[in-house]
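Single-structure report; data block below.
Note that the coordinates shown come from a computational prediction; the quantities given were computed from them, not determined experimentally. Along the sequence shown, residues carry numbers from 1.
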Amino acid sequence: RFYPVPADHTQDSTDSVWIQTVGAVEKTLSNLKTPEQIQILRETLMVWTPLYDRAVSLFLETVDGALPEVEVDDSGEIVVLENGNSSVRGDWPCQQYPGDWKERAVALFYDYKVAREVHTACSGTKRLKSGSNFVRLLDCLTVCVETGPQALKGRDVSFVRNLLASFLHRRGAPDSDRHAALRVEQAKVLKPLHTEWAKVVVTRLGQFSKNEGVSSIEQHLGAATSAEAATLGTDVGTPLPFAIRRRAIRCLKAPLPVLIDAGLVPSSETLAT
């Protein structure tokens, strides 16, 4: 009168077991979230820093004469005026505009507008708040694009001059070796996110049944292939992060002693208690 409920797949006849099914591991990996601070850092380096460099480059082209530079004393300290601003020498920006300057300024202006709509991780940070150096510089660029450079006020030009001097002092000109070396060093932190690696592993596991483990899981936890590296923006052969590996390995299908040796389950003595 009573019969077992038929399973939707053939039961493995071996003594192999697994901690999580492929489907459960895929769900775990797909639910990973990138910490907010990492999102902000990546967006800053990948989106806002390049836009800032372009804006600085454009305004440097408008200097007629010697580029502004921060004055330093004999000990190398920046000379600060009574009003709290750094003492700056050199000529003034917004004095000349190369023939294609406006076209490039318009392109930057629209790239900035699109970025504000698309990239929102930094929306609440100081960099993108009204009154920040970055936003004020782009505001000056906006005036140049929408109204014309002649609409800039004296305090705007003074602000741009001081900002250019500070930028050159801290980072060097955007086309300089010093500046390039700084950006290369900063870019080293732009490793593929764990969420991006998780998508790679989910794709690798897509060929397997969702309802059991994978005996060959180790073969699918290797380094990035050429196609994966291109998607991740990393080098071929970059190893899978440990944090992703330890989640994916939980669908290893093997005899219980193997899972114990792998540290996936407690010892058999613990299981027996």
Is the number of heavy atoms from other residues, nucleotides or ligands within 6.0 Å of NZ (Lys191) greater than 12?
-> no
Would you find more than 12 non-hydrogen atoms of other residues, nucleotides or ligands less than 6.0 Å from Glu36 atom CD?
-> no
For [X] against [Y], the heavy-atom pair lying closest together:
X      : Y      : value
Val47  : Pro50  : O-CD, 3.4 Å
Leu138 : Ala55  : CD2-CB, 4.1 Å
Val135 : Arg116 : CG2-NH1, 4.3 Å
Ser16  : Lys253 : CB-CG, 3.6 Å
Phe159 : Cys140 : CD2-SG, 4.3 Å
Val88  : Pro68  : CG1-CB, 3.9 Å

Sub-4.5 Å side-chain heavy-atom contact between [X] and [Y]:
X      : Y      : value
Leu60  : Pro174 : yes
Cys144 : Leu152 : yes
Arg247 : Val201 : no
Trp18  : Val214 : no
Arg42  : Leu193 : yes
Leu259 : Leu252 : yes
Thr238 : Pro192 : no
Ile217 : Leu205 : yes

What distance separates [X] [atom1] from [Y] [atom2], expressed to the nearest 0.5 Å?
X      : Y      : atom1 : atom2 : answer
Leu141 : Arg54  : CG    : CZ    : 9.5 Å
His119 : Gln39  : NE2   : CD    : 12.5 Å
Glu26  : Thr203 : CD    : OG1   : 9.0 Å
Gln186 : Leu41  : CD    : CG    : 9.0 Å
Leu240 : Glu228 : CG    : CD    : 9.0 Å
Lys27  : Gln20  : NZ    : CD    : 10.5 Å

Would a single hydrophobic cluster contain both [Y] and [X], if residues Ile, Leu, Val, Met, Phe, Trp and Tyr are joined by side-chain heavy-atom contacts under 4.5 Å?
X     : Y      : result
Val17 : Ile260 : yes
Ile40 : Leu45  : no
Leu67 : Phe167 : yes

Spell out, as yes or no, whether a donor-acceptor pair under 3.5 Å connects the side chain of [X] to the backbone of [Y].
X      : Y      : result
Arg250 : Arg246 : no
Thr120 : Ser123 : no
Ser158 : Gly154 : no
Thr62  : Phe59  : yes

Would you mind telling me which of Val160, Thr142, Leu51, Asp156 makes a side chain to side chain contact (heavy atoms under 4.5 Å, CB included) with Leu137?
-> Val160
With sequence neighbours excluded, what pairs up with Ala198 under the side chain to side chain contact (heavy atoms under 4.5 Å, CB included) test?
-> Leu29, Leu32, Ile244
Under the ring-ring contact (aromatic ring centres under 6.0 Å, His included) rule, collect the residues that match up with Phe109, sequence neighbours excluded.
-> none
Across all chains, not counting sequence neighbours, the ring-ring contact (aromatic ring centres under 6.0 Å, His included) partners of His169 are none
Could you walk me through whether Leu168 and Val70 pass the side chain to side chain contact (heavy atoms under 4.5 Å, CB included) test, one step at a time?
-> CA-CA 8 Å; Leu168 294 175; Val70 173; over 6 Å; no
Residues [X], [Y]: salt bridge by 4.0 Å N-O rule:
X      : Y      : result
Glu196 : Lys199 : no
Arg245 : Glu218 : yes
Asp53  : Arg171 : no

Side chain to side chain contact (heavy atoms under 4.5 Å, CB included) evaluation trace for Leu256 with Val265 | CA-CA 8 Å; Leu256 182 59; Val265 293; 4.0 Å; yes
Residue pairs fulfilling ring-ring contact (aromatic ring centres under 6.0 Å, His included) with at least one residue in residues 212-264, sequence neighbours excluded = Phe208-His220
Only counting residues at least two apart or in another chain, list the ones meeting side-chain hydrogen bond (donor to acceptor under 3.5 Å, both in side chains) with Arg178.
-> none
Start with the C-alpha gap between Tyr112 and Trp48, add the side-chain angles, then the distance that decides, and say whether side chain to side chain contact (heavy atoms under 4.5 Å, CB included) holds.
-> CA-CA 8 Å; Tyr112 172 66; Trp48 306 116; 4.0 Å; yes
Name each donor-acceptor pair under 3.5 Å that joins a side chain in residues 89-107 to protein atoms two or more places apart or in another chain, with its distance.
residue	atom	partner	partner atom	Å
Arg89	NE	Glu69	OE2	3.4
Asp91	OD2	Ala66	N	2.6
Gln95	NE2	Pro93	O	2.8
Gln96	NE2	Glu61	O	3.4
Gln96	NE2	Val63	O	2.9
Asp100	OD1	Arg104	NE	3.4
Asp100	OD1	Arg104	NH2	3.2
Asp100	OD2	Arg104	NE	3.2
Trp101	NE1	Leu58	O	2.8
Arg104	NH1	Glu61	OE1	3.4
Arg104	NH1	Glu61	OE2	2.8
Arg104	NH2	Glu61	OE1	2.7

